[in-house]
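What follows is a set of notes on a single structure, which appears directly below.
When a residue number appears, it is its place in the shown sequence, counting from 1. Just so it is clear, the values below take in all heavy atoms, side chains as well, and ignore hydrogens, waters and symmetry mates.
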Amino acid sequence: MAKITASVFTSHVPAIGAAMDLGKTTEDYWKPLFAGYDFSKQWMKDNKPDVIFLVYNDHATAFSLEMIPTFAIGTAAEFTPADEGWGPRPVPKVIGHPDLASHIAQSVIQQDFDLTIVNKMDVDHGLTVPLSLMCGELDPKKDAWPCPVIPFAVNVVQYPVPSGKRCFMLGQAIRKAVESYDDNLNVHIWGTGGMSHQLQGARAGLINREWDNAWLDKMIADPVGCADTPHIDYVREAGSEGIELVMWLIARGAMSDIVDGKVQGTAPTVKHRFYHVPASNTAVGHLILENN
């Protein structure tokens, strides 16, 4: 059967992608941030998955205010980097895994989660920046991402957005779906977005280092309690865009220590943890967990 062996968590700040694309990674402002991913790039080479299930949010490229699905799974054979207003990022196109994606959709919907099936869409920085951070800078003319990727878009832009508890439960359903797939695949699940940041209003520029790290501690050691974090806490403590953290709970819920909504198995191993502020007025968090 297929199996989820690890989860990766990272912010997906668009300016990070721009810094990579414009050759600014060694500048004083950016160098400490990219140093935090040196371990991760080597870890990816040493622990190459067969498929990445990547949870992110679309930023008005594939979807608009005319139609915003709460949960959408990409089932296409490939996905083109989106033009977000200044041209597509110079990164390889994303190759999908239609068979596994369709299987997950079938299984998760039968577990009473309503997914939107997307057979064609472009993918923006929410998906490509995490890939770049973990895989390094690639030439789209001659390089490829190391494996197929299944995009899974979550609405954390237009209210109402899903709760952390709902996302945590969805992660468990995704793991069940993966494990029922009749092929021996090594699958990584990634949760992206966050951490604390607010892009508008009187609190624009808000970063809450203490809250971010306490939330990370809780997600690792008490994921059930973390999933119960009220929506208002994210907004009050982590800013209006801090709600993106609920997407991390999808990946955490998919880890093997979570059984029937409770921690009942061996805790995953923390392979790497990193936190840095600021990155274009955003707090960057990063974590790698391996199943035992």
Side-chain angles (χ1 to χ4, degrees), residues 10-25 27 29-30 33-34 37 54-74 76 78-96 116 118-141 143-145 149-159 161 190-207 238-245 247 276-285:
T10 183
S11 304
H12 59 213
V13 185
I16 293 175
M20 297 183 78
D21 302 340
L22 298 175
K24 296 183 176 183
T25 59
E27 293 183 359
Y29 181 86
W30 289 109
L33 183 143
F34 288 104
Y37 288 84
L54 202 154
V55 183
Y56 73 110
N57 64 288
D58 176 73
H59 301 78
T61 53
F63 310 111
S64 71
L65 293 180
E66 295 177 354
M67 180 182 66
I68 306 178
T70 301
F71 301 117
I73 186 167
E78 62 181 50
F79 305 90
T80 301
D83 184 344
E84 299 180 62
W86 49 87
R89 287 195 63 216
V91 294
K93 65 181 177 182
V94 176
I95 303 302
T116 298
V118 186
N119 294 314
K120 182 180 180 181
M121 68 175 176
D122 292 344
V123 290
D124 65 20
H125 73 268
L127 185 137
T128 63
V129 165
L131 287 172
S132 292
L133 283 169
M134 294 296 295
C135 305
E137 298 172 67
L138 302 177
D139 184 340
K141 295 181 180 179
D143 298 325
W145 300 117
V149 177
I150 297 174
F152 192 86
V154 179
N155 171 37
V156 288
V157 175
Q158 176 67 40
Y159 284 81
V161 302
W190 294 14
T192 74
M195 293 186 85
S196 62
H197 62 302
Q198 180 154 327
L199 303 180
Q200 71 289 307
R203 297 198 306 162
L206 179 148
I207 290 177
S240 54
E241 279 69 45
I243 192 61
E244 291 179 358
L245 284 168
M247 295 188 291
H276 177 78
V277 294
S280 185
N281 293 322
T282 301
V284 172

Nearest-0.5 Å distance that lies between atom [atom1] in [X] and atom [atom2] in [Y]:
{"X": "Thr10", "Y": "Ile16", "atom1": "OG1", "atom2": "CD1", "result": "6.5 Å"}
{"X": "Tyr29", "Y": "Lys24", "atom1": "OH", "atom2": "NZ", "result": "11.0 Å"}
{"X": "Trp145", "Y": "Leu131", "atom1": "CH2", "atom2": "CG", "result": "5.0 Å"}
{"X": "Ile73", "Y": "Phe152", "atom1": "CD1", "atom2": "CZ", "result": "6.0 Å"}
{"X": "Phe71", "Y": "Met247", "atom1": "CZ", "atom2": "CE", "result": "11.0 Å"}
{"X": "Leu33", "Y": "Thr282", "atom1": "CG", "atom2": "OG1", "result": "10.5 Å"}

Taken in chain and number order and not counting sequence neighbours, the residues that satisfy salt bridge (Lys or Arg N to Asp or Glu O under 4.0 Å) with Asp143 are none
Residues passing the salt bridge (Lys or Arg N to Asp or Glu O under 4.0 Å) test with Glu78, sequence neighbours excluded, are Lys93
Can you name the side chain to side chain donor-acceptor pair (under 3.5 Å) partners of [X], sequence neighbours left out?
{"X": "Tyr56", "value": "none"}
{"X": "Asn119", "value": "Thr75"}
{"X": "Asp58", "value": "Thr61"}
{"X": "Ser196", "value": "Asp212"}

Restricting to side chain to side chain contact (heavy atoms under 4.5 Å, CB included), what partner residues turn up for [X], sequence neighbours left out?
{"X": "Asp21", "value": "Arg89, Pro90"}
{"X": "Ser280", "value": "Val13, Ala15"}
{"X": "Glu66", "value": "Ser64"}
{"X": "Asn155", "value": "Ile68, Val157, Gln158, Val161"}

Can you give me the closest heavy-atom contact between [X] and [Y], atom names plus distance?
{"X": "Gly239", "Y": "Leu206", "result": "N-CD2, 3.7 Å"}
{"X": "Ile207", "Y": "Pro278", "result": "CD1-CB, 3.9 Å"}
{"X": "Tyr37", "Y": "Ser11", "result": "OH-N, 4.4 Å"}
{"X": "Phe79", "Y": "Val149", "result": "CE1-O, 4.1 Å"}
{"X": "Ala144", "Y": "Leu138", "result": "O-CD1, 3.5 Å"}
{"X": "Pro92", "Y": "Pro140", "result": "N-CB, 3.7 Å"}

ring-ring contact (aromatic ring centres under 6.0 Å, His included) filter on His197, not counting sequence neighbours, yields none
Of Val123, Leu127, Val129, the one forming a side-chain contact (heavy atoms from CB on, under 4.5 Å) with His125 is Val129
From the list Asp83, Thr128, Thr80, side-chain contact (heavy atoms from CB on, under 4.5 Å) with Pro88 holds only for Asp83
- Side chains of Asn57 and His12: does their closest heavy-atom pair fall under 4.5 Å? yes
Q: List the steps, then state whether side-chain contact (heavy atoms from CB on, under 4.5 Å) holds for Met121 with Phe63.
A: CA-CA 9 Å; Met121 68 175 176; Phe63 310 111; 4.3 Å; yes
Between the main-chain N or O of His59 and the side-chain N or O of Asp124, is there a donor-acceptor pair closer than 3.5 Å? yes
